[in-house]
Amino acid sequence: MPELPEVETVARGVDARVRGDRIVDVWLGSHKQPFKTPAVKQAKDLEGRTILGVARVGKHIVMSLGGIAQGKPLKKDVKREDVTAQWIVHLGMTGRLLVTTPEAEIAPHTHARLTLHSGKEIRFVDPRRFGRLEFRELSKSSGFEAPGAEPLRIEAEAFAALFKGRKLAIKAALLNQSLLAGVGNIYADESLNRAGIRPRRRAGALTRKELEQLRVALSEVLTQAIKLGGSSVSDYVDANGVKGFFQLEHRVYQRTGEPCRTCKTSIRRIVVAGRSTHYCPTCQK
DNA sequence: CATTTCACCTGGTGGC
DNA sequence: TGCCACCAGGTGAAAT
C-alpha cells in the first residue's frame, strides 16, 4: 500500500486516536517476519508504555513511547526528553495499521494487537509480511532517522545535488530511499509525468531546470495525495479503515493503454529498476 | 562504491 | 472448476 502520502495519512490517523493512551497488553504473532526483534521480547518491551505521539519518517511510522508507568494515562504535551523508546512500523507492500474496538473482527494475517488503557486496539495486519515491526530503546540506540531527504522539505540545490553524476535511470534514483525517503512506484511515475521527464533518462544527465521541475512536481503530487488520503490501488486503507481518493487523480500509474489526459496518446508500460513504469511517450521527453 | 537482480510472502486476475 | 503464469504500494542482501 504505502508510499509517503499513505504512510502520512496512517500516521496522522493513528496519532489522533491514540496519543496519550497507554499500552496495557500486547499480542504478537509467531512468524519470523515481520518482527525485526523477537516477538516475545518486543511484547514485553511495549507493555506499560505511554504513547506520546505517532509520526511519519520516510515510509516508516514512528511511535514515540514513554517509560513504563502505572496509573492513569495522560499528557498531550510531549517533551523530547519524555521519549524513552520507539516502536517503528513499516507497512511493506500490504501492511495496515488500524485502530479498532476490541470487538472488531480480527482480520486474517493480523500479526500484532496492542490493547490500550482506553480499550481501543492498535492492529497490524499484513498478508505478504513484507512489513517490519521494530522496537528501539533510546538508551541503547539513537532515534530512528530516514537515510534519505524528505521530499516535501528539500530545497532546489540539495535536490539537484542528489542526482549529480549518477548514471542510473531517474526513476530508479527516485525509488532509492537513501536519496529521497518516501517516494515509491506510484509517485515516482506520477511526478515524472507531471515534470515531463521520461523514466529511463539518466539521473545525472537531467538539466538543472528539469530537476527543479521534478522537485516541484513531486512536492505537489505528494501534497495533493496527502490531502486526498493517499491512493487506494487495491487494498490500502487508513487507520480507520477508510480508502483514499488520489487514485482518481493518477495520470499514468496503472493506466497502460489508456489515453493520456493531456494529449490522448496511449500510456505506455515498461520495466525500470524491476518495477512497472508508466509514462506518456508524447508529454515526457 | 554504484548499480542491478533477486528473494522474501500471499492473493488476485486472466488464459487455457 | 483447476492449474498456471504473472502481477502487485517495498526493501535489503548478494551479485556484478
Side-chain angles (χ1 to χ4, degrees), chain A residues 1-11 29-37 56-61 88-98 107-111 124-134 144 146-148 151 161-192 199-205 218 221-222 225-226 228-239 242-257 269-278:
Chain A
M1 53 136 116
E3 302 181 33
L4 188 153
E6 292 77 32
V7 179
E8 178 72 30
T9 302
V10 171
S30 56
H31 290 292
K32 188 167 143 194
Q33 291 187 106
F35 304 107
K36 279 193 83 168
T37 44
R56 177 195 64 80
V57 178
K59 289 180 194 171
H60 300 257
I61 297 165
I88 297 150
V89 177
H90 193 291
L91 300 172
M93 291 274 262
T94 53
R96 296 179 174 193
L97 194 67
L98 300 163
H109 308 292
T110 297
H111 303 117
F124 179 73
V125 180
D126 183 14
R128 290 179 74 180
R129 280 184 268 137
F130 286 174
R132 290 291 180 270
L133 300 177
E134 180 185 3
F144 178 82
L162 292 178
F163 304 103
K164 198 172 178 195
R166 294 188 180 272
K167 294 184 177 171
L168 77 177
I170 183 62
K171 160 88 183 244
L174 286 172
L175 293 177
N176 183 338
Q177 298 300 296
S178 57
L179 295 178
L180 284 171
V183 182
N185 211 29
I186 296 175
Y187 301 100
D189 281 5
E190 292 296 323
S191 61
L192 285 168
R200 281 210 178 112
R201 294 271 305 280
R202 283 176 166 209
L218 179 60
V221 77
L222 293 173
I226 292 169
L228 295 185
S231 300
S232 289
V233 172
S234 66
D235 59 2
Y236 160 73
V237 292
D238 69 11
V242 177
K243 290 188 179 216
F245 290 96
F246 194 74
Q247 66 279 9
L248 302 174
E249 306 293 321
H250 291 179
R251 295 188 190 171
V252 289
Y253 183 76
Q254 286 194 350
R255 294 193 64 243
T256 309
R269 176 189 181 276
I270 57 176
V271 174
V272 179
R275 314 294 303 279
S276 263
T277 298
H278 315 75

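This one's a predicted model, so the numbers in the text were calculated from it and none came from an experiment. Residue numbers begin at 1 in each chain, while the letters A, B, ... track the order of the sequences.
Base contact: A/S232 has a heavy atom under 4.0 Å from a base atom. Backbone-only contact: A/Y253 has heavy atoms under 4.0 Å from sugar-phosphate atoms and none from a base. Looking at heavy-atom distances under 4.0 Å, A/G274 makes no contact with the nucleic acid at all. Looking at heavy-atom distances under 4.0 Å, A/R132 makes no contact with the nucleic acid at all.
Ring planes of A/F124 and A/H111: tilted class, angle from 30 to 60°.
Residue A/S276 places no side-chain N or O under 4.0 Å from the OP1 or OP2 atom of C/dC7.
Side-chain contact annotation: A/T277 with A/R269, donor-acceptor N/O pair under 3.5 Å absent. Side chain to side chain, A/D126 and A/T94 meet the donor-acceptor criterion of an N or O pair below 3.5 Å. Residues A/Y187 and A/S231 bring a donor and an acceptor atom of their side chains to less than 3.5 Å of each other.
Using a distance-only test at 3.5 Å, with no hydrogens or angles considered, a donor-acceptor pair links the side chain of A/D189 to the main chain of A/H278. Proximity of a side-chain donor or acceptor of A/R96 to a complementary backbone N or O of A/D235 within less than 3.5 Å is detected. The backbone N or O of A/K36 lies less than 3.5 Å from no partner atom in the side chain of A/E134, so there is not a single donor-acceptor pair.
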If you write DNA chain C from 5' to 3' in dot-bracket form, with Watson-Crick or G-U pairs under 3.5 Å, [ ] for crossing pairs and | for pairs with another strand, what do you get?
.|||||||.|||||||

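You can see that DNA chain B meets the heavy atoms of chain A within a 4.0 Å-exclusive cut from B/dT3 to B/dG11, reading 5' to 3'.
Closest-nucleotide positions on DNA chain C for A/Q177 and A/R128 were compared, and the one nearer the 5' end corresponds to A/R128.
Ring centroids of A/H250 and A/F246 are separated by less than 6.0 Å, placing the two rings close together.
On the P atoms, B/dC9 is 24 Å away from C/dC3, given to the nearest whole Å.
The interatomic distance linking A/L133 (CG) with C/dT11 (P) rounds to 15 Å, in whole Å. Here the P atom of nucleotide C/dC6 and the CZ atom of A/R275 are 18 Å apart, to the nearest Å.
Counting heavy atoms from C-beta on, the side chains of A/L180 and A/L218 come closer than 4.5 Å.
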